Amino acid sequence: MRRVTALATAAATLATLGLTSLGLGPGGSVAPSAYAASVKQVRVSDGCVSSVPEPGESDAVEICYSLFRPAGATRKRPVPMIVHSHGWGGSRTTDAAAFDTFLDAGYGVLSFDQRGWGESGGHAHVENPAFEGHDVRRLVRLVSRLGWVQQDRPGDPRLGAIGGSYGGGYQLLGAFESLRTKGRPVFDALAPQITWNDLSTSLAPEGVVRTEWALLLAAASVPDDALPHNVYKALVEGAALGQWPDGSVPGTEDMVAFMKKNGPAWHVANGRRLDIPVLLGQGTTDGLFPLQEGLENWRTALTKRARRDSIFVGYNGGHVLPAVLPMGVSITSDPCSAELAGGDFEQLSLRFFDEQLRGRRTGLGGYGRLHIATPTDECITTRTERTNHRVDLGTVATSTAAGVPVGTLVAEGPIEVAGSAYLTADVTAAGVENRAFYGLAVGTSPLNARLVQNNVLPLRETLPVVGERRRIPLPAVGVRVPAGQNLYLLASPFSETFVGMSSRTPGAIVLEDTVLHLRRTGPGRA
């Protein structure tokens with residue numbers, strides 16, 4: 001029990017850091033004078049709306065909220081509304097001071113407890129359209145009936161949205177759900193941070209569980225009894241069994257089926273794209289929902305027209321645990337928001353909403369571009385995340401189950417890389433459940449090379465293979481390698497993020513005719 005309690009505490013702390021360590025959302029410090037002004041001018045009210053029952057039950061589930069009405073908002077002078085919600089293990093924000101940036105700018109704010117958390121009832125179905133989708137739609141209907149909120153048409157208020165992690169998931173869910181049910185997204189602009197594209201691929205790429213995060217997410221749900229019991233059981237099973245439960249092992253849960261509809265990937269697979277402006281913020285050093293999850297949302301979840309009116313920002317932060325095996329970097333910074341808006345992501349969000357919800361020209365640039373922070377606190381801007389360069393690496397071999405990381409030289413500095421990356425290679429591996437972990441690293445030699453932004457991804461071969469051609473995803477990165485240092489491909493038999501997920505028997509994985517595909521940027525390359 002002590003172990004579970006400690007994990008729950010750690011998870012709650014990490015959820016908070018994911019939103020506030022960079023000033024990335026409500027919850028940061030506010031000057032006393034700003035707080036005093038807010039409490040005098042803002043009207044705060046609390047309430048709940050009724051939503052769909054839990055499976056097998058008939059009683060409606062109450063979804064509770066706090067509503068903040070800014071000074072001067074009336075029927076004659078209606079204002080746009082910003083919807084906010086919390087990260088996993090959190091609850092809604094009830095303090096007006098936390099939203100001063102938006103309230104002082106004349107926006108209304110509604111912050112709500114998601115299903116299973118805070119004062120809301122039910123269990124967390126992890127942004128499932130059948131449950132949380134209904135919850136968001138009920139809240140939108142509430143806002144559409146407020147006379148002091150600007151309305152584009154009956155039932156369609158002028159809406160923006162903020163929040164990170166789980167608080168980013170509801171935004172994409174809400175926009176896709178209104179598109180699915182009404183043929184148009186009722187939300188007019190979004191600003192989701194450190195959230196996902198596909199839960200199964202982020203929590204368990206190649207079916208290999210991110211053990212530390214699975215345990216933390218499960219433990220964080222214990223105090224509120226937030227998760228359905230079968231899902232809690234499945235997260236623990238995944239960490240214990242070494243693979244994402246898919247129902248193939250008798251007596252285990254099928255998490256692939258449970259998570260199927262819980263992210264933008266499902267909507268995209270069903271032909272839906274969002275045609276609204278989105279300010280996407282993603283953590284480059286995020287070990288739970290890494291940079292590639294955000295790039296997938298940018299590339300697949302938005303129409304081409306929407307991308308022209310959208311901005312992507314990658315910052316150093318997010319869901320971060322120390323990266324020691326293999327060694328990573330430790331940095332928290334947001335140089336791209338500073339470059340674009342002269343401040344943090346919250347200031348960037350305000351200017352974005354002013355332009356997209358109010359049609360005001362603020363001089364904000366960077367639309368239609370990806371802006372990705374480097375580990376050296378610089379900002380790289382590129383038009384696309386797609387690869388444009390290949391490097392022949394020959395043979396890359398690593399032991400499995402035990403051994404040390406092996407570095408293969410990719411290029412000498414200076415070189416600039418930003419975006420997606422992957423390998424193609426002929427794979428040979430003996431035994432069953434062979435696993436190795438790959439990522440890009442920088443150093444003066446393979447011995448001191450550090451992972452660019454902490455992440456690796458697994459190659460998993462469940463059965464013996466000889467010379468089978470494979471496409472092996474690598475973590476997306478943003479990095480400027482200076483002269484005197486080199487870019488390496490790092491291959492490791494283990495990863496602490498995937499602790500306990502290494503090969504089940506010692507051996508080796510050999511990649512032959514290996515080609516690294518990446519995106520080189522810089523002068524003349526973007």
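Remember, it's a predicted structure, so these values are computed and weren't measured experimentally.
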| request: Mind running side chain to side chain donor-acceptor pair (under 3.5 Å) on S66 and R92 for me, showing each step along the way? | output: CA-CA 8 Å; S66 292; R92 75 183 191 268; 2.9 Å; yes
Would you say [X]'s side chain and [Y]'s backbone share a donor-acceptor pair under 3.5 angstrom?
{"X": "Q453", "Y": "A373", "result": "yes"}
{"X": "T195", "Y": "G169", "result": "yes"}
{"X": "D188", "Y": "I276", "result": "no"}
{"X": "H84", "Y": "T93", "result": "no"}
{"X": "S310", "Y": "V278", "result": "yes"}
{"X": "W213", "Y": "F289", "result": "no"}
{"X": "R386", "Y": "R519", "result": "no"}
{"X": "D275", "Y": "T303", "result": "no"}
{"X": "W88", "Y": "L217", "result": "yes"}
{"X": "S165", "Y": "G167", "result": "no"}

A side-chain contact here means heavy atoms from C-beta on lying under 4.5 Å apart; do [X] and [Y] qualify?
{"X": "L172", "Y": "L274", "value": "yes"}
{"X": "D246", "Y": "D254", "value": "yes"}
{"X": "Y232", "Y": "V222", "value": "yes"}
{"X": "P290", "Y": "R210", "value": "yes"}
{"X": "F187", "Y": "V136", "value": "yes"}
{"X": "N197", "Y": "W298", "value": "no"}
{"X": "D59", "Y": "P53", "value": "no"}
{"X": "L280", "Y": "F312", "value": "yes"}

| query | Should E177 and H134 be marked as a side chain to side chain donor-acceptor pair (under 3.5 Å) after you check the CA-CA gap, both sets of side-chain angles, and the distance that decides it? | reply | CA-CA 8 Å; E177 272 298 277; H134 278 273; 5.9 Å; no
| Test log, rule salt bridge (charged side-chain N to carboxylate O under 4.0 Å, His left out), inputs D152 and R184 | CA-CA 13 Å; D152 294 326; R184 51 184 171 79; over 6 Å; no
| Centroid-centroid distance, Y170 to F112, less than 6.0 Å |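 Under 6.0 Å, so yes.
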| said: Would you say NZ of K260 has more than 12 non-hydrogen atoms from neighbouring residues, nucleotides or ligands within 6.0 angstrom? | reply: no
Anything under 30° is parallel, anything over 60° is perpendicular, the rest tilted; go ahead and classify [X] against [Y].
{"X": "H267", "Y": "F176", "answer": "parallel"}
{"X": "H125", "Y": "F131", "answer": "parallel"}
{"X": "Y166", "Y": "H86", "answer": "tilted"}

| task | Give the C-alpha distance, both sets of side-chain angles, the deciding distance and a yes or no for side-chain contact (heavy atoms from CB on, under 4.5 Å) between Q282 and L295. | result | CA-CA 8 Å; Q282 203 73 20; L295 295 178; over 6 Å; no
For [X] and [Y], which heavy atoms make the closest approach, and how far apart are they?
{"X": "A418", "Y": "I372", "answer": "CB-CD1, 4.3 Å"}
{"X": "L348", "Y": "S337", "answer": "CD2-OG, 3.6 Å"}
{"X": "E253", "Y": "A234", "answer": "CB-CB, 3.7 Å"}
{"X": "S51", "Y": "I63", "answer": "CB-CG1, 4.1 Å"}
{"X": "V143", "Y": "L159", "answer": "CG1-CD2, 4.1 Å"}
{"X": "T74", "Y": "R69", "answer": "CA-NH2, 3.9 Å"}

| request: Kindly indicate, with the supporting measurements, whether the criterion side chain to side chain donor-acceptor pair (under 3.5 Å) is fulfilled by T285 and N454. | output: CA-CA 6 Å; T285 51; N454 292 358; 5.0 Å; no
| Residues in side chain to side chain contact (heavy atoms under 4.5 Å, CB included) with R351, at least two apart? |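 Once residues adjacent in sequence are excluded, the partners of R351 under the side chain to side chain contact (heavy atoms under 4.5 Å, CB included) criterion are A341, T362, L364.
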If you round to the nearest 0.5 Å, how far is [atom2] of [Y] from [atom1] of [X]?
{"X": "M255", "Y": "K233", "atom1": "CE", "atom2": "NZ", "result": "11.0 Å"}
{"X": "L110", "Y": "F68", "atom1": "CG", "atom2": "CZ", "result": "8.5 Å"}
{"X": "N455", "Y": "L291", "atom1": "CG", "atom2": "CG", "result": "8.5 Å"}
{"X": "L139", "Y": "D135", "atom1": "CG", "atom2": "CG", "result": "7.0 Å"}
{"X": "L67", "Y": "S45", "atom1": "CG", "atom2": "OG", "result": "4.0 Å"}
{"X": "S85", "Y": "Q114", "atom1": "OG", "atom2": "CD", "result": "3.5 Å"}

| task | Decide side-chain contact (heavy atoms from CB on, under 4.5 Å) for V268 and R273; before the verdict, give the C-alpha distance in whole Å, the side-chain angles of both, and the deciding distance to 0.1 Å. | result | CA-CA 6 Å; V268 171; R273 304 287 192 280; 3.3 Å; yes
| query | Could R272 and W266 be counted as a cation-pi pair, given that NZ or CZ must be under 6.0 Å from the ring centre and within 45° of the axis? | reply |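 That pair qualifies as a cation-pi contact.
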| Cationic tip of R358 within the cone over Y107's six-membered ring, i.e. under 6.0 Å and within 45° of the normal? |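 Yes, R358 and Y107 form such a contact.
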| task | Assess whether side chain to side chain donor-acceptor pair (under 3.5 Å) is satisfied between E62 and S120, documenting all intermediate values. | result | CA-CA 6 Å; E62 296 294 293; S120 290; over 6 Å; no
| message | Show, in sequence, the C-alpha distance, side-chain angles and deciding distance for M81 and L146, and conclude whether the side-chain contact (heavy atoms from CB on, under 4.5 Å) test is met. | response | CA-CA 10 Å; M81 176 69 75; L146 298 174; 4.2 Å; yes
| said: Going by side-chain contact (heavy atoms from CB on, under 4.5 Å), F258 matches just one of V231, L199, N128. Which one? | reply: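 Result: among V231, L199, N128, V231 is the only option passing the side-chain contact (heavy atoms from CB on, under 4.5 Å) with F258.
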| With E127, which of E132, R115, K261 fulfils side-chain contact (heavy atoms from CB on, under 4.5 Å)? |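 Single pass found, and it is E132.
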| request: Applying side-chain contact (heavy atoms from CB on, under 4.5 Å), run through L518 and V477 and close with a yes or a no. | output: CA-CA 9 Å; L518 47 74; V477 298; over 6 Å; no
| said: R153: which residues meet the salt bridge (charged side-chain N to carboxylate O under 4.0 Å, His left out) condition with it, sequence neighbours left out? | reply: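 Checked R153 against salt bridge (charged side-chain N to carboxylate O under 4.0 Å, His left out); matches are D156.
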